[in-house]
Number of protein chains: 2
Amino acid sequence: MDLQLFTIGQLSKQTGCKVPTIRYYEGIELLPNPPRTEGGQRRYNAHHLQTLRFICHGRELGFPIKAIRELLELDQFQQDSRASTEDGCHRADQIALEHLHRIERKIDQLSGLRDELKMMINACKSGDNHSCQVMSVLADHQLCQHSHGAADDNE
Amino acid sequence: MDLQLFTIGQLSKQTGCKVPTIRYYEGIELLPNPPRTEGGQRRYNAHHLQTLRFICHGRELGFPIKAIRELLELDQFQQDSRASTEDGCHRADQIALEHLHRIERKIDQLSGLRDELKMMINACKSGDNHSCQVMSVLADHQLCQHSHGAADDNE
DNA sequence: ACTTGAACCTCTAGCTACTATAGGTTTTAT
DNA sequence: ATAAAACCTATAGTAGCTAGAGGTTCAAGT
Ligand SMILES: [Zn+2]
Ligand SMILES: [Zn+2]
Ligand SMILES: [Zn+2]
Ligand SMILES: [Zn+2]
């Protein structure tokens with residue numbers, strides 16, 4: 001098995017991951033270096049495909065690269081050593097839980113912003129003010145209802 | 001009026017905006033260049049302070065720099081020309097509305113991820129599986145309930 | 001007047017996760 | 001044999017800052 005080889009373009013189609021992104025993942029050593037043809041083109045096998053799917057799905061679920069890297073290592077470790085799945089599961093769950101918390105904090109923060117924005121916009125639409133509420137609120141946080149606490153964020 | 005001058009550190013304390021960030025805003029021509037002392041240090045006036053407050057508040061509310069730039073220009077334009085506030089308000093509201101939509105899309109996307117993550121984690125906690133559900137789901141999107149549609153995003 | 005230390009200055013590089021472009025080579029099909 | 005499609009590397013750009021190095025200026029105290 002593992003006899004079928006894929007070009008980078010085929011891998012891209014199978015996973016939905018763009019070609020430059022695949023090369024990028026190789027560059028940061030997330031995806032192992034594939035063998036090359038004599039001419040220097042990459043040829044992937046089924047294992048690469050599986051790994052890339054894992055990576056892409058992790059990214060789609062919003063996991064940072066760092067987390068995906070650790071999850072891949074856990075996976076590798078388990079396959080290598082046949083260690084009890086318990087520890088790996090524990091750590092994987094922990095990583096997922098941290099990610100869940102980040103997301104929940106982010107949702108809370110964005111919900112606050114959403115409410116604030118709705119209020120400004122509605123105040124303008126109702127048109128009782130001679131000046132734009134959007135501009136006024138931007139100029140003066142006192143007019144805000146919430147504090148839009150800045151969670152450190154990305155994605 | 002406008003006689004009181006502030007150092008960049010004082011401006012920083014007044015707004016909560018970090019010193020390098022203030023210099024960064026100047027570099028991208030968002031905040032106008034302040035006059036300098038003979039020795040080359042920046043000295044700001046009340047107008048700079050007001051502008052920086054506007055910028056920082058806009059950022060706290062999640063507006064991209066590009067939007068803030070346009071909002072500042074609207075503000076400037078109105079003060080210069082005493083044009084009817086109507087048009088400015090209309091455009092400002094439009095910008096705010098676009099931002100609101102971005103945020104709502106983002107909240108929707110994150111809510112999907114949150115649900116997905118909760119499901120994986122719970123499946124692991126219930127412990128009926130001999131394998132880690134977090135790992136399994138990552139390896140196979142088929143096990144997902146949602147499609148985690150990737151809205152283009154930032155912040 | 002002189003010294004000290006905090007605050008200031010510029011410049012460059014780094015962060016996340018890609019994406020785009022330029023300019024060239026390999027593969028595959030006709 | 002030729003030509004198009006797909007591949008290659010390398011570099012720079014995206015957003016919005018932040019950190020560091022290495023040097024200068026300012027204001028206060030003696
Ligand atoms: Zn308005
Ligand atoms: Zn506010
Ligand atoms: Zn688990
Ligand atoms: Zn999925």
Side-chain angles (χ1 to χ4, degrees), chain A residues 5-31 33-44 48 52 55-70 72 99 102-103 106 109 148 150-155, chain B residues 5-31 33-44 48 52 55-70 72 99 102-103 106 109 148 150-155:
Chain A
L5 295 180
F6 311 98
T7 66
I8 197 168
Q10 288 165 341
L11 215 63
S12 173
K13 262 169 213 153
Q14 300 256 351
T15 58
C17 185
K18 288 173 188 163
V19 169
T21 305
I22 298 175
R23 288 198 278 250
Y24 168 73
Y25 289 150
E26 180 183 325
I28 61 171
E29 294 180 80
L30 196 58
L31 187 65
N33 296 73
R36 305 275 188 135
T37 60
E38 282 185 25
Q41 299 197 357
R42 294 165 177 83
R43 290 299 122 99
Y44 297 94
H48 291 109
L52 183 57
I55 295 169
C56 293
H57 198 209
R59 289 295 302 134
E60 280 161 24
L61 288 165
F63 283 92
I65 298 271
K66 204 174 178 179
I68 294 175
R69 197 187 293 279
E70 195 178 343
L72 277 174
H99 184 41
R102 268 200 307 276
I103 286 180
K106 188 75 193 172
Q109 191 214 341
H148 14 283
D152 54 352
D153 68 64
N154 33 20
E155 166 102 359
Chain B
L5 294 181
F6 311 98
T7 67
I8 198 169
Q10 289 165 341
L11 215 64
S12 174
K13 262 170 211 152
Q14 300 254 353
T15 58
C17 184
K18 288 174 187 160
V19 169
T21 305
I22 298 175
R23 288 198 277 249
Y24 169 74
Y25 290 150
E26 180 183 324
I28 62 171
E29 293 180 83
L30 196 57
L31 187 64
N33 295 72
R36 306 277 187 133
T37 61
E38 280 185 26
Q41 299 197 355
R42 294 166 176 84
R43 289 300 121 99
Y44 297 94
H48 291 109
L52 183 56
I55 294 169
C56 293
H57 198 209
R59 290 295 302 136
E60 281 160 24
L61 288 164
F63 284 92
I65 298 271
K66 203 173 178 182
I68 294 175
R69 197 186 293 279
E70 194 178 344
L72 277 173
H99 183 42
R102 268 199 307 275
I103 286 180
K106 188 75 193 169
Q109 191 213 340
H148 13 283
D152 55 351
D153 68 62
N154 33 20
E155 164 99 0

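In the text below, chain A, chain B and the rest are named by the order of the sequence lines, each starting its count at 1.
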Verdict with reasoning, A:R59 to A:I68, per side chain to side chain contact (heavy atoms under 4.5 Å, CB included): CA-CA 8 Å; A:R59 289 295 302 134; A:I68 294 175; 3.7 Å; yes
Derivation of the side chain to side chain contact (heavy atoms under 4.5 Å, CB included) call for A:R36 and A:R42: CA-CA 5 Å; A:R36 305 275 188 135; A:R42 294 165 177 83; 3.3 Å; yes
Evaluation steps, side chain to side chain contact (heavy atoms under 4.5 Å, CB included), between A:L30 and A:Y24: CA-CA 9 Å; A:L30 196 58; A:Y24 168 73; over 6 Å; no
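Atom CD of A:E60 is separated from atom C1' of C:dA17 by 14 Å (rounded to the nearest Å). If you take CD1 of B:I28 and P of D:dT18, they are 12 Å apart, rounded to a whole angstrom. Note: CD1 (B:I55) to C1' (D:dC17) measures 14 Å, nearest angstrom. Atom-to-atom, CZ of B:F63 to C1' of D:dA15 comes out at 17 Å; the value is rounded to the nearest Å. B:E26 has its CD atom 12 Å from the P atom of C:dC11, to the nearest Å. Here D:dG16 presents its P atom at 14 Å from CG of B:L61, a figure rounded to the nearest Å. Spacing between atom CD1 of A:I22 and atom P of D:dT9 amounts to 13 Å, rounded to whole angstrom units. Taking atom CD1 of residue B:I65 and atom P of nucleotide D:dA15, one finds them 10 Å apart after rounding to whole Å.
Put simply, the side chain of B:Q10 gets close to the backbone of B:T7: a donor and an acceptor are under 3.5 Å apart.
Nearest heavy atoms, A:H99 versus A:F63: NE2-N, 3.5 Å.
For A:T21, no side-chain nitrogen or oxygen approaches OP1 or OP2 of C:dA17 to under 4.0 Å. Between B:Y25 and D:dC17, a side-chain N or O to OP1/OP2 separation shorter than 4.0 Å is present.
DNA chain D is contacted by both B:P64 and B:E38; B:P64 maps to the nucleotide lying nearer its 5′ end (nearest heavy atom per residue).
Here the rule is side chain to side chain contact (heavy atoms under 4.5 Å, CB included) with B:Y44, and of B:I8, B:L52, B:L5 only B:I8 fits it.
The residue B:K18 sits close only to the backbone: its heavy atoms come under 4.0 Å of sugar-phosphate atoms, none of a base.
In the set C:dA17, D:dC17, C:dT19, C:dT19 carries the atom at the smallest distance from any side-chain atom of A:P20. The listed nucleotides are C:dT26, D:dG16, D:dC26; the one nearest the side chain of B:T37 is D:dC26.
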Could you list the protein-to-nucleotides 6-8 of chain D atom pairs, N/O on both sides, closer than 3.5 Å?
unit_1: D:dC7; atom_1: OP1; unit_2: A:T7; atom_2: OG1; d: 3.0
unit_1: D:dC7; atom_1: OP1; unit_2: A:G9; atom_2: N; d: 2.8
unit_1: D:dC8; atom_1: OP1; unit_2: A:R42; atom_2: N; d: 2.8
unit_1: D:dC8; atom_1: OP1; unit_2: A:R42; atom_2: NH1; d: 2.9
unit_1: D:dC8; atom_1: OP2; unit_2: A:R23; atom_2: NH1; d: 2.4
unit_1: D:dC8; atom_1: OP2; unit_2: A:R42; atom_2: NH1; d: 3.3
unit_1: D:dC8; atom_1: O5'; unit_2: A:R42; atom_2: NH1; d: 3.4
unit_1: D:dC8; atom_1: O3'; unit_2: A:R36; atom_2: NH1; d: 3.4

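Between the CG atom of A:N33 and the NE2 atom of A:H48 there is a distance of 7.5 Å, given to the nearest 0.5 Å.
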